[in-house]
Amino acid sequence: MKRKQSAAAAAAEVDADEPSQAPLPLDDYSGDVCAALTARYGRSASAQHRHLLATAAAIGSILTDDGHPLTAESYLPAVVSALRAAGPSDPAAAAALASLLVILIPHISSLPPASASEPASSLAAFLASPDASKLPTGTVRSVVKSLGQLALHLDAAADWGAVAAPLEALLAASVDQRAKVRRCAQESVEKLFSYLERSGCAKKASSSAIDLFEKHILSVRSLAKLDSDASEAKETEAVHMLGAVAVLIPYLSKKARKTVFSGAYRLLRPRFSPLTRHVLRLMETLLEHLKAENIESELEKLISLVLAYLPYDEKKPDDTITAALQLMRNCLGKLVGCPKLWTKVLPSAFEAASGYLILDSKCSEDVAELLIQCIYSHVDQSIFVTKESGCDAEDSIDGAAIKSICLSINKKLRKCASPPQNVLKIVLAMFLKLGESSYVFMKDILLTLSRLGSKIHKEPHLKNVEECIGAAIVAMGPDKIHSLLPLSFEEAWFTCSNMWIVPILNKYVYGASLQHFLEYIVPLAKSLREASSRAKKARKCKELQGWSDQLWNLLPAFCRYPSDVYQNFGSLSKLLLEMLKSDRCLYKPASKGLQQLIDGTRRLSSSDEDVEVPAEVSALFSSKTSNLSCVSLQRCSKKDARKSMKVLASHSVDLLCTFADDFLESSEKRAHLKDNSMPPALLP
């Protein structure tokens, strides 16, 4: 029952904070405040409104007796004087007077600084007195709002003394225990600081803010050291101070910002406390307004503190982990003068944040996205020397960092029976970012993915793993993939290893080498076809033929913008002629591959047509952070493409003759010919 009564009282206080904020119709009553108030609230049964009208009438009577008009300008000093006289001894009167002030001041548009100075000083003194804390929240909030409005009428440049006391009072109210008072004060202080900055008084205003900060910082530091044993009151006070200072950062002087940064970043601790969220927010705001060269050493120390906070702990709120990682990313971005700092920071960040990547939560997604952003911002794959041994790449500072990150990721993958989606997102992004050098750093990850891919049969996990392997194919090329995951035929047992990867190759091979197809895929496909004729069981024969067909069907994929057309098309054309004259199983991939090759080469040699990227490959680059162009495409210049067109044209007679023979001989092949006709550019 008591709780209901207190809730009702609180609600009444909220309602009684301020009357209607709509402007009074003063023009309709010749500026008469009392008449305008009566017109608006005269019919109201609210005790608050009745008290407001009675107060306005009483003051109006005094003003009339003294020969003053009943305008807002005349009411202002009288209301302020009456408010100070009422104080906490008459809370109802104080509430009515405070409400009247809030109504009146917006109607005084041209209040001279001299006329605003005395009321502002009086209200500042009123708020600074111990009696103010005894008044209801609504009353104090109204006084704070009125003081903030009056302070904007003062001439700070000409008379700083008139501004000093109101500013100090508002700053003190901005850390008040009462939320409504605190928020109102912070809004007022922000507006006042903006005005003071425009008036050329930013340094003086900053000095007042620093006084507030330093007044509380010692207790905050002791609180940080005491941790859970600290009193609740000190903890709350510290939080309010950090919130109040954060609002003012955009308006502080450079010196003041640096002072706040140096004092506040040390408050971040490895364990979560009510201070954590506010320290992170304050640091983020400061980072936007400080130059790195002024705080370089402090930034590096801050990064160390952030890394210490990142390790998984279920007591740490998700938003603080995301905020901490975002702060670390922004610190690295700020320190452009330390381009190699990421090599120390990112491996530690990946290790520390890895505990969140295995969770099924929004936090896990955010952590993965931020880590990917860090990789894309700081890792430069062009610096790696991708020799066959990979020694130069791994031994460099950058290489050692990437190697450490990859070890951390692989460790997480190997521990999970079902790979976490957000870990796979990072893996995919790293394959695409590192390109060919991923062969040096991500071998073990690819092997882990292959084990997972051969065991998982459920969506969406299988799709995510296949996309990662697809990214590896795009990055490394199929030749490097096959050196790690060879397609090998065991003739004695009629078995073929790693055939599960062939459908993935079919989707993602792009910009590969025709030579690799000719020297690696074709011999294996032929061996399987020959072995199928020797198999005694029909089931095994069918299986071997199916594997052979899958390999032959890779030809169109290898004909998507290959990197060595003019070097190897002579050998390929012989194979194509052989395939075109064979049975229908080989005719289809041969005709489709040839058309793919011709269309792609023509597009590359022409400046008018865009390169066509398969949907599966395009999807890998659809992420906002993975905004890359395909490295495979960049290998082929227009000059090379024109050479390739000439080579294609030189073999066109034999190919055309074969097409013509097939067109006349077979209605089934004729259907493929209609879909894959020889372009005019290649006709002799």
Side-chain angles (χ1 to χ4, degrees), residues 9-24 33-34 36-37 40-41 44 46-59 72-73 75-108 111 116 118-154 165-192:
E13 183 178 291
V14 169
D15 292 337
D17 280 351
E18 294 171 13
S20 172
Q21 293 298 299
L24 287 174
V33 171
C34 194
L37 286 171
R40 172 166 292 175
Y41 302 114
S44 174
S46 165
Q48 177 199 9
H49 292 158
R50 289 201 302 271
H51 207 147
L52 176 67
L53 290 175
T55 301
I59 294 176
E73 289 83 352
Y75 262 88
L76 177 60
V79 173
V80 171
S81 178
L83 176 63
R84 291 202 66 182
S89 60
D90 190 351
L97 289 162
S99 296
L100 187 54
L101 268 180
V102 171
I103 294 171
L104 290 174
I105 294 175
H107 292 282
I108 309 174
L111 186 64
E118 187 174 343
S121 297
S122 296
L123 291 181
F126 178 81
L127 287 174
S129 68
D131 292 340
S133 61
K134 301 173 185 177
L135 289 168
T137 299
T139 302
V140 178
R141 187 180 74 158
S142 294
V143 174
V144 167
K145 186 172 184 178
S146 299
L147 178 57
Q149 291 171 332
L150 280 173
L152 297 176
H153 290 277
L154 300 173
L167 177 58
E168 186 176 342
L170 289 171
L171 285 170
S174 68
V175 295
D176 195 277
Q177 298 296 315
R178 293 163 288 192
K180 285 181 175 290
V181 173
R182 187 170 63 252
R183 284 197 294 268
C184 181
Q186 289 177 4
E187 289 174 7
S188 297
V189 167
E190 186 174 7
K191 291 176 183 176
L192 182 55

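Hydrogens, waters and symmetry mates play no part in the numbers below; they use all other heavy atoms, side chains included.
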Q: Could you grab the distance from atom CG of D131 to atom CZ of R84, nearest 0.5 Å is fine?
A: 10.0 Å

Q: Output yes when a side-chain donor or acceptor of S188 lies under 3.5 Å from a complementary backbone atom of C184, and no otherwise.
A: yes

Q | Test item: L101 and L123 side chains (from C-beta on) under 4.5 Å apart, heavy atoms | A | yes

Q) For the atom pair CG (L52) and OG (S46), what is the distance rounded to the nearest 0.5 Å? A) 9.0 Å

(Q) Please check if the number of heavy atoms outside E168 that lie under 6.0 Å from its CD is greater than 12. (A) no

Q. Sub-3.5 Å donor-acceptor pair from the side chain of Q149 to the main-chain atoms of I105, do we have one?
A. no

Q. Which atom names give the shortest non-hydrogen contact between L104 and V33, and what distance separates them?
A. CD2-CG1, 3.5 Å

Q: Calculate, to the nearest 0.5 Å, the distance between atoms CG and CG belonging to L76 and L150 respectively.
A: 5.5 Å

Q) OG of S99 to NE2 of H51: how many Å apart, nearest 0.5 Å? A) 10.0 Å

Q: Report yes if the side chains of L97 and I59 come closer than 4.5 Å at any heavy-atom pair, otherwise no.
A: yes

**Q.** Separation between CZ of R182 and CD of Q177, rounded to the nearest 0.5 Å
**A.** 7.5 Å

Q) Is the shortest heavy-atom distance from the side chain of I103 to the side chain of Y75 under 4.5 Å? A) no

Q) Within a strict 4.5 Å, meaning less than it, do heavy atoms of the I108 and L111 side chains meet? A) yes

Q | Closest contact, heavy atoms only, A98 versus V143 | A | CB-CG2, 4.0 Å

Q | Within-4.5 Å side-chain heavy-atom neighbours: R141 and K145 | A | no

(Q) Strictly distance-based, threshold 3.5 Å: is any side-chain N or O of S44 a donor or acceptor partner for the main-chain N or O of Y41? (A) no

Q.
On a heavy-atom basis, which atom in L147 and which in P166 lie closest, and how many Å separate them?
A. CD1-CB, 3.8 Å

Q) What heavy-atom pair brings P106 and V102 nearest, and what distance separates the two atoms? A) CD-O, 3.1 Å

Q. Taking atom OG1 of T139 and atom CG of L83, what is their separation to the nearest 0.5 Å?
A. 8.5 Å

Q. Among all residues two or more places apart in sequence or in another chain, which pass the salt bridge (Lys or Arg N to Asp or Glu O under 4.0 Å) test with R178?
A. D176

Q. Quick check: does any side chain N or O of S81 sit under 3.5 Å from a backbone N or O of A78, one acting as donor and the other as acceptor?
A. no

Q | Smallest separation among heavy atoms of G87 and A94, with atom names | A | O-CB, 3.8 Å

